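Single-structure report; data block below.
These values consider heavy atoms only, across backbone and side chains, with no hydrogens, waters or symmetry-generated copies. Note that the structure is a prediction, hence the values are computed from the model and not measured.
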Amino acid sequence: MPPPVACSNSRQRALDERQSAERARVQARAHRAMTLLLATAAAGLLIAGAADGDAPMVYAAPVLVAVLTVHWLMPLWVAGLMAQDDPAEDDGLAT
């Protein structure tokens with residue numbers, strides 16, 4: 001019996017070369033977007049805490065929940081935005 005394979009490895013094997021490259025591009029863009037979002041969230045917490053005189057801990061929990069949710073969904077959103085339609089098949093309309 002073959003050893004168990006991690007889920008991502010079995011998915012990777014099922015993809016062809018084009019799909020694998022597209023998956024890598026989507027993951028890279030999602031990673032860049034999340035890096036910007038995390039930097040913006042951290043800066044926003046620090047600015048809000050400094051402006052109100054409160055510690056950033058007041059805002060940390062809601063921002064953390066929002067950022068983690070976006071982190072979970074970002075690859076799906078990026079994949080949906082980058083998805084291209086399949087080329088239309090020629091039904092013999094050209095004469």
Side-chain angles (χ1 to χ4, degrees):
M1 187 158 102
V5 178
C7 186
S8 64
N9 288 341
S10 63
R11 286 184 194 157
Q12 188 71 18
R13 289 184 193 147
L15 300 177
D16 65 14
E17 194 172 300
R18 180 191 56 81
Q19 293 169 329
S20 181
E22 183 177 344
R23 181 177 184 215
R25 277 193 309 274
V26 165
Q27 287 175 341
R29 284 201 180 170
H31 179 73
R32 278 187 236 124
M34 278 308 303
T35 300
L36 291 174
L37 181 66
L38 288 171
T40 303
L45 280 174
L46 292 174
I47 291 169
D52 290 343
D54 294 332
M57 299 303 257
V58 174
Y59 307 103
V63 170
L64 180 63
V65 169
V67 168
L68 288 175
T69 302
V70 172
H71 175 72
W72 177 54
L73 294 173
M74 185 66 71
L76 301 174
W77 291 338
V78 172
L81 292 172
M82 291 182 61
Q84 297 177 358
D85 294 334
D86 291 332
E89 292 186 22
D90 196 14
D91 292 335
L93 297 175
T95 55

Value rounded to 0.5 Å, distance of [atom1] in [X] from [atom2] in [Y]:
X     : Y     : atom1 : atom2 : result
Leu38 : His71 : CG    : NE2   : 8.0 Å
Leu81 : Leu76 : CG    : CG    : 11.0 Å
Leu68 : Met34 : CG    : CE    : 7.5 Å

Residue pair [X] / [Y]: nearest heavy atoms and the distance that separates them:
X     : Y     : answer
Ala14 : Gln19 : O-OE1, 4.4 Å
Thr40 : Leu36 : OG1-O, 2.8 Å
Val26 : Val78 : O-CG1, 3.8 Å

Is there a side-chain contact (heavy atoms from CB on, under 4.5 Å) between Arg29 and Arg32? Walk through the geometry before answering. CA-CA 5 Å; Arg29 284 201 180 170; Arg32 278 187 236 124; 3.8 Å; yes

So, the side chain of Gln27 versus the backbone of Ala24: is there a donor-acceptor pair under 3.5 Å, distance only? no

